[in-house]
Every structure is written in C-alpha cells, then in structure tokens.
Amino acid sequence: MRPKFLVGGLIILAAVIYLIVSATQSNAEYFLTVRQVREQGEQAVGRNLRVSGAVIGDTIQYDAETLSLRFDIADIPGDNAAIEAQGGLAEVLHQAVLDPTRPRLTVVYVGPRPDLLQNEAQAIVTGRLGEDGIFYADEVLLKCPTRYEESLPGQAGNE
Amino acid sequence: MLIDFGFGVLVLSFLLALFAIGAAMYGAQRQRAAWVESARRAILLTFPLLSLAVGALIYLLVTGHYEVKYVYSVTSDAMPLYLKITALWGGQAGSLLFWSWLLSAFVSAVSLRDWKGEREFLPWVIVVTAVTLAFFLSLSIFFENPFERWWLLPNGDAVGAMFRPAGGAAAFPPDGRGLNPLLRHPGMILHPPMLYLGFVAFVIPYAFAMAALITGRSDDRWIRVTRRWTLTAWLFLSLGLVLGMRWAYDVLGWGGYWGWDPVENAALMPWLIGTPFLHTAIIQEKRGIFKHFNMALIILTYVMVIVGTFLTRSGVLSSVHAFAQSAIGPMFFGFIALTVIVSFALLIRRWPLLRDEIVLERLLSREALFLLAAVVFLSVFFIVAYGVFSPLVYEIVTNEKITFGPPWYERATAPLLGLLMLLMGVAPLSAWSYTDARSLGRALWKPAIPALLTPPVLALLGIRNLIALIGFTLVVFVLAVSLYEYGRGVRARMKANRETPFQALGRLFARNRRRYGGYLIHIAMVVMAIGILGIELFQTETQRSLSIGEEIQLGGYTLRYDSLAQFPHTDGRRVTRAELSVFKDGVFLARLAPRYDLYPDGQPMTIPGVYSTLADDLYVVLVNWENVSTAQTPFKVYHNPLVNWLWIGSLLFIGGMILTAWPPKESQTP
C-alpha cells in the first residue's frame with residue numbers, strides 16, 4: 001500500500017511547487033533602484049517592478065483632462081542603511097535631484113495627481129517597464145521626507 | 001542600587017540554569033537521583049529570582065529611572081501608569097527578559113508536577129528547558145541588558161553600558177523618549193504577551209519529546225503528559241494572532257487586518273505546524289502511528305518558535321513590528337542550527353524504535369485523511385516560509401530585492417486553504433482504518449445538501465465570483481458537517497439515556513471534550529472564513545478630497561463631511577480629527593471620527609472611523625494629511641463586506657479553545 005501514499009505525497013509536492021512558481025511569476029515584485037533598472041535594460045521589461053527614486057520637480061507634467069501624469073525620478077540607494085550613512089532620506093533625495101549624472105527614469109501614471117507629488121519627494125512606483133524605457137506605474141506612493149522620516153516601512157507595502 | 005540588584009539576580013539565574021544543565025546530565029548518566037533533585041531545585045529557583053528581576057525593572061519603569069537606557073527608550077513622564085508597566089515588553093531588552101521570565105514560570109510549574117509515571121524524563125526535561133532558558137538569559141546578560149545605564153563620556157557621547165566605562169560619568173536624562181505610539185493600544189498591549197505565552201508554552205512539549213527520544217521511550221507518554229500544554233500554547237498563540245489582526249485593523253489604517261508581513265508570518269509559522277501536530281497527536285494516541293511524524297512536527301514547532309523570536313528580535317527584517325534592531329542575530333542563528341542538528345540527530349538515532357504499531361493501509365480512512373490535512377498544513381507552512389526566507393536569500397545572492405506581497409501569498413495558499421476546509425468537512429465523518437466510498441457517501445449526503453444548494457442560491461443573489469462561490473460552499477459544508485455531528489451525538493444520547501436535548505448536549509461535551517470542542521473550533525474557523533472571503537474578495541475603496549458639507553458614496557452608504565478640529569493632546573501629539581455623518585437611503589446612522597495623530601517625534605498614527613454591522617464595515621481614514629489645506633480634506637473610504645464575521649469567529653474560536661483545553665475534574669494536571 002506504500003506506493004499509493006508515495007504517489008499522493010509527490011502530487012502534493014508538485015502542487016506546492018506549481019503554486020509557488022505560478023504565484024512568483026504573476027505576483028512577485030522585484031524591488032530595484034533606478035540604476036539597476038537602467039543596467040538591466042531589456043531584461044527588466046515585463047517583470048513586476050517596484051522602484052524607488054527622488055522626484056525631480058521640473059519634470060512633473062499633469063494633464064487633468066486625461067488624468068495622465070508624467071515625471072522623472074532620480075536614483076537613490078535601495079537600502080535604509082545606505083540612506084542613513086549618506087545623511088538621511090531628506091539629504092539623499094536632495095542630492096539625487098541636484099546631481100545630473102544620476103540615472104533617471106521617466107514614470108507614466110494614469111489617475112488623480114497625488115497630493116504629495118513635489119520636488120524631492122520620494123516616489124515608490126509599482127508597475128512595469130515598457131519596451132520604450134518608460135516606467136508604466138499602476139501605483140505611486142509618495143513620502144515626504146521631513147515629516148515621514150520615521151514612518152512605517154510596512155505600511156507602504158500593505159497598501 | 002536596584003539596577004545592580006536586578007542585573008545580579010539575572011546573572012544568578014543564568015548560573016543556576018547552567019548548574020541545572022550539568023547536574024541533571026550528570027545525575028541521569030550516573031543514576032544519581034540526588035543530583036537530579038538538586039537540578040530540579042535549581043531550576044525551580046529561577047522563577048522567584050527572575051520575578052525579582054522583572055519586578056525591579058517594572059519599578060524602574062514606573063518610577064521613571066531614565067538613567068536606565070531601557071527605561072529611557074520606552075517610557076516618558078507623559079505616559080499613564082499601565083503603559084509604563086506594559087513597556088516591559090515594549091522594547092527589545094525588556095521583551096527578552098519577559099520571555100525568560102515566562103519560560104522560568106512554565107519550567108517551575110512542570111518541575112513541580114508529580115513525576116511518578118515518567119521519572120526518567122525529569123532530568124532531560126530539565127536539561128532541555130534549562131538550555132533554552134540559559135540561551136535567552138545569556139542574550140539578556142551579554143547583548144540586550146535591560147539594566148544598562150547611560151554614561152556620559154569625556155568626548156560628550158552618551159553610551160549605554162552596565163558598568164562605568166573609562167572616564168564615564170553617570171547620566172540622568174530628565175525624561176524618556178516614550179513608547180512607540182503605535183504600541184499604545186489595548187490590542188498591542190495584550191498581543192505580545194499572548195504570543196510569548198504561546199511561544200514559550202511550546203517549549204514544554206518539545207522538552208518532553210526530547211526526553212522521550214533520549215531515554216528511548218517509544219510510547220505516547222510524552223504526548224499525553226503534555227497535551228494540555230500543547231493546547232494552552234496553541235490557545236495563546238491563536239489569541240496573539242487574532243489580537244494582532246484586530247490591532248492592525250484598528251490602528252494601522254490601511255483597511256485590512258493581515259498584511260503577510262514577515263513578522264506576522266513569524267508568528268503564523270509555529271501555528272501552521274502546531275495545528276497539524278494537535279491533530280496527528282490524537283491519531284498517535286488512538287492508533288499508535290505517526291510517531292516519527294509527530295516528533296518531527298514538535299521539533300519543527302519549537303524551531304519555528306525560536307526562529308519567530310529571532311525574526312522579530314534580531315532586526316533581520318525591517319517591517320511594521322521590528323522596531324528593535326540589534327546584534328543578536330548570529331547568536332540566534334547558532335542556537336537554531338544547534339537545535340536542528342541535535343534534535344534531528346536524536347530522532348534519526350531512535351528511528352527504528354518508533355515503529356508504527358499498525359500499518360496504515362487505506363487512503364480513505366480517518367488516519368489517512370488526518371495525515372493528508374497535516375501535510376497540507378505543512379505545505380502552507382512551506383509556502384509561507386518560502387515567502388519569508390527566499391527574499392533574504394535572493395538579496396544576498398543577487399543584491400536585488402524581491403518582495404512577496406499579499407497577492408503572492410493569497411494566490412499560493414488559497415487553493416490549499418480551500419482543500420483544508422474540504423478535509424475539515426470530510427475527515428470527521430470518515431471511519432478509522434477504512435471507510436469505503438459508499439459508507440462515506442452515506443454519512444456525507446445529508447450535510448452535502450445545504451452545501452450543494454449554496455452556489456445556486458448565491459448566484460441568484462448576484463454573486464458571480466468563482467472563488468467566493470467555492471469558498472462559501474465549503475463554509476456551508478463544514479458548518480453542516482459539524483452541526484450534523486452534534487445532532488447525531490445528541491440524538492444518540494437522547495435515545496439511549498432518555499435525556500433532554502440540553503442534557504444530552506452538555507454531557508456529550510463533558511464526555512468527549514476534545515472531539516466536540518474541536519468541532520466548535522472548526523465552526524469558528526469557517527465563520528472567520530466568511531469574514532476573510534468577504535473582505536478579500538469584495539472590498540471596495542475610494543479616495544477623494546472633500547470640503548465641509550460635501551458627500552462621498554461607497555457601498556450603498558453616503559458619508560457627509562461635517563467638521564474638522566485640530567488640537568494638541570496632553571501627551572504632546574497633535575490631533576487632527578474629522579467628523580462625518582453616515583447615511584443609508586437618506587437615514588442617519590452614525591457619526592464617525594477618523595483621526596490623524598502626529599507625535600512629537602514625527603511618528604504619525606492614522607486611526608480610522610468605523611461603522612460596523614454584521615453585513616459590512618464602512619472604514620474611513622484621513623490620508624496624506626501633510627501639506628493639505630483645511631478647506632480640502634483627503635479621505636480614503638473602504639467598504640469591507642462581512643468582515644465582522646472574522647471577529648465573531650475569533651471570539652467563538654477562543655471560546656471553543658478554552659472549552660477544549662479546560663482541565664476536566666478528574667484528570668491529573670501535568
């Protein structure tokens with residue numbers, strides 16, 4: 001009778017692997033910096049991405065008729081330790097916007113203009129990179145460094 | 001003075017735990033009962049000693065001794081008394097001490113039991129629990145000392161240390177930093193101790209399992225002795241999870257209750273192994289099989305308890321709960337590795353001894369269905385563990401970050417959770433050793449009728465969502481099976497003993513509390529599932545800026561924005577409070593007051609206004625408050641159908657667990 005149980009176990013194992021693989025393909029998000037997106041180029045196209053960067057105020061264009069929003073973000077470090085080491089989020093965002101050599105990414109989003117969208121805000125955009133190198137966002141989260149310095153990292157992810 | 005006393009007591013407890021380990025091992029090896037007795041007394045002493053340490057720390061917290069670094073970091077003058085006391089587990093160092101203290105209480109309770117039946121377990125139970133205790137105490141003494149003081153160095157830096165550093169002068173800050181505002185909530189005050197009680201209580205069954213392996217006892221003694229400990233652990237762990245969910249719903253203001261955050265998962269993982277263990281342990285008691293499996297499960301539960309503490313306490317993940325970061329990661333890592341290696345090496349050594357007493361032959365039997373359910377639980381565990389750990393590995397290997405959000409977990413686990421619900425319905429109706437399809441069919445057809453009627457009825461009501469149809473069908477199925485089982489038992493008793501229905505129900509429970517309490521828990525689980533299906537599948541939301549007098553509609557409700565007030569609270573936070581009126585079909589229902597509190601240290605807190613009914617919740621939050629003029633106030637509104645059933649199910653769940661775990665009159669207390 002053992003083979004029956006073995007077969008049953010293998011079926012369950014296969015099911016678990018299938019569930020993990022299919023969920024990863026459709027729902028995993030890769031958290032990249034702007035620099036990493038630029039370096040990966042073609043390779044990053046089509047994956048679910050989450051990219052964090054500094055909003056460059058001069059580039060914000062909003063068309064209230066079509067609700068389409070377009071802005072550029074500049075590269076900032078991906079992890080909190082590096083941000084702290086460079087003088088905190090506000091300082092990092094400020095430097096990123098001033099430095100024209102930083103990699104930049106154009107973001108396109110359709111929807112109401114977020115209240116916090118302004119120069120030197122931190123944008124966390126979720127979506128996909130198009131073939132044209134433009135990031136098409138499904139979601140734009142913004143953090144204002146002065147007040148949100150101690151805000152919850154988990155809260156953004158839970159939205 | 002008191003500071004040194006508290007630390008001294010801590011060190012003394014640590015030394016006693018070390019002594020207990022040595023004495024118990026020596027006594028067991030050389031058959032010297034006196035040494036074992038000495039070890040027992042040593043371990044018994046740790047509880048009063050650690051109580052003194054905890055008492056000293058609470059005194060320091062309450063009296064505002066801010067020269068103690070821990071007191072400084074979790075309390076402030078503005079905090080009320082009860083929060084100063086509960087600040088004991090509001091930070092890293094305090095929670096670790098609290099952990100050790102709970103463990104010492106449990107260990108003392110165990111060593112006071114009557115050991116007649118299993119004398120040979122005693123030394124090894126002491127060894128295992130004392131090793132765990134010594135590990136946690138060493139963390140408190142060497143890495144996260146709650147009694148550390150502030151010292152001012154000649155160069156002007158302030159450092160925390162137990163003893164005066166060279167040239168250091170004692171520093172006395174006038175006030176503390178205060179507890180993280182998010183933790184100042186009743187749910188958060190109770191949630192950590194409940195989880196810790198659950199975590200720590202699982203140490204006891206694990207210790208008995210190890211003792212059984214070491215002494216080579218192959219019977220189910222360790223399971224019977226620790227059954228109530230296991231149930232208690234499970235009760236508190238479940239309670240902790242539910243409280244955490246409620247806290248998230250009430251305080252975090254994102255419209256949900258469970259974010260699949262790694263730290264939430266850290267508490268869920270032991271639950272996902274402890275739950276099948278409870279079930280397969282019953283099979284071992286009744287049929288003498290699954291001995292290896294149960295050993296593996298209890299080892300894994302203990303390991304996940306330590307891993308869970310590690311994840312929340314080491315700062316390896318930064319998330320909602322990991323407020324504390326520290327350098328104790330490697331210590332934990334070593335301890336976990338050691339536990340895994342030693343435990344599984346023992347299990348492998350005793351493998352031949354733990355032979356099954358009967359051969360499991362049929363797939364269609366209660367044993368096999370319980371096994372299947374346990375394997376499905378383990379699969380869910382595996383998926384959750386993959387979701388927690390693979391991003392860490394991925395980041396180390398590729399230097400990129402990957403995140404698995406709620407959609408990932410929902411997609412990967414939902415089919416398995418559905419299968420578990422199906423098994424919850426089928427397994428209780430199957431017979432031991434062999435059920436043929438026909439007799440199972442005979443048992444199933446009656447409860448299956450309401451289940452099969454569910455999809456057409458829901459479809460008529462306009463529900464077209466496939467997952468919802470499947471989910472609610474399973475809910476009705478489990479409800480029907482459980483109620484059918486009650487009905488069957490009651491009818492049989494009424495016939496046989498000429499009892500009234502109420503007498504019969506009462507005695508049915510009294511006779512077989514585990515079984516009928518278990519059904520109550522099953523009912524509670526599917527009632528919770530109603531709420532989960534409702535909010536997960538049918539939640540709608542809208543976001544808009546309103547000026548006073550304007551209205552917003554969602555889910556059949558109309559919200560009118562009435563007023564806005566801004567004022568400072570006595571503890572320094574700035575409160576922004578909006579008032580809205582809720583209408584349905586033009587009838588006024590309630591006034592809601594969502595709030596946005598900004599604490600002086602910049603920590604915001606978003607408290608929703610909730611209008612709650614059995615059918616749905618209307619959940620309003622003030623969002624993105626910063627940089628917005630008062631003329632236009634941004635609101636986010638969620639409509640959460642059926643979510644109240646999640647909390648009703650939770651209450652039922654807790655009731656069922658207490659009923660099941662409550663000691664019966666005649667039994668010996670382990």
Side-chain angles (χ1 to χ4, degrees), chain A residues 1-2 4-5 7-9 11-13 15-33 36-37 40 44 47-50 52 78-81 111-112 114-118 121 126 141-159, chain B residues 182 248 252-256 259-263 318-322 359-363 368 371-372 375-376 379-380 382-383 386-387 390-391 395 399-416 543-545 598-599 601-604 606 623-624 626-628 634:
Chain A
M1 290 305 129
R2 287 282 168 184
K4 255 198 310 209
F5 286 90
V7 170
I11 290 173
I12 293 171
L13 189 67
V16 169
I17 292 170
Y18 167 75
L19 287 170
I20 289 181
V21 170
S22 73
T24 305
Q25 273 169 358
S26 57
N27 292 108
E29 280 176 354
Y30 296 84
F31 201 111
L32 300 181
T33 60
Q36 283 167 328
V37 174
Q40 290 193 0
R47 291 204 285 179
N48 295 315
L49 300 180
R50 199 177 173 87
S52 149
D79 70 16
N80 292 333
D115 298 322
L116 288 176
L117 186 70
Q118 54 176 293
T126 313
L141 284 171
L142 290 150
K143 284 186 180 178
C144 212
T146 42
R147 291 292 178 83
Y148 279 47
E149 220 154 18
E150 298 226 9
S151 110
L152 300 176
Q155 213 173 9
N158 286 333
E159 289 274 349
Chain B
L182 289 171
L252 291 186
W254 49 272
W260 296 98
D261 178 282
V263 181
S318 69
S319 78
V320 185
H321 303 62
V359 181
L360 184 58
E361 296 222 359
R362 305 283 184 166
L363 280 175
L371 182 64
L372 178 60
V375 171
V376 176
S379 305
V380 177
F382 183 76
I383 290 172
Y386 183 87
S390 70
E395 195 181 340
N399 203 23
E400 286 172 21
K401 279 184 188 163
I402 185 170
T403 47
F404 294 137
W408 185 88
Y409 286 96
E410 280 153 19
R411 195 190 158 111
T413 59
L416 296 173
Q543 185 171 355
R544 240 179 75 199
S545 291
L598 191 68
Y599 282 82
D601 61 358
Q603 170 82 63
T606 315
V623 281
N624 293 346
E626 296 308 300
N627 305 346
V628 175

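Within every chain, numbering begins at 1; the chains are lettered A, B, ... in the order of the sequence lines, protein sequences first and strands thereafter.
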Notebook entry, point to check: Given side chains that start at C-beta, do those of F404(B) and N27(A) come closer than 4.5 Å, heavy atoms only?
Noted result: no
Checklist line | Under 4.5 Å from any heavy atom of chain B - which part of S26(A) | finding: side chain
Next item on the list: Indicate whether any N or O donor in one side chain lies under 3.5 Å from an N or O acceptor in the other, for T403(B) and R50(A).
Entry: no
Note to self: Looking at F31(A), I want to see if its CZ is surrounded by more than 12 non-hydrogen atoms of other residues, nucleotides or ligands under 6.0 Å.
What the structure shows: yes
Notebook entry, point to check: Which heavy-atom pair separates A368(B) from F5(A) by the least distance, and what is that distance?
Noted result: CB-CE2, 4.0 Å
Notebook entry, point to check: Does any heavy atom of chain B fall under 4.5 Å from the side chain of Q25(A), the backbone, both, or neither of them?
Noted result: neither
Margin query: To the closest 0.5 Å, what do you measure between CD1 (I17(A)) and OH (Y386(B))?
Written below: 10.0 Å
Check: Just how far is it from atom CH2 of W408(B) to atom CG of N48(A), taken to the nearest 0.5 Å?
Finding: 14.0 Å
Checklist line | Interface moiety of I20(A) toward chain B, non-hydrogen atoms closer than 4.5 Å | finding: both
Item checked: S379(B) to V16(A) - nearest heavy-atom pair and separation -> CB-CG2, 3.3 Å
Next item on the list: Measure P415(B) against the heavy atoms of chain A and call it side chain, backbone, both or neither at under 4.5 Å.
Entry: side chain
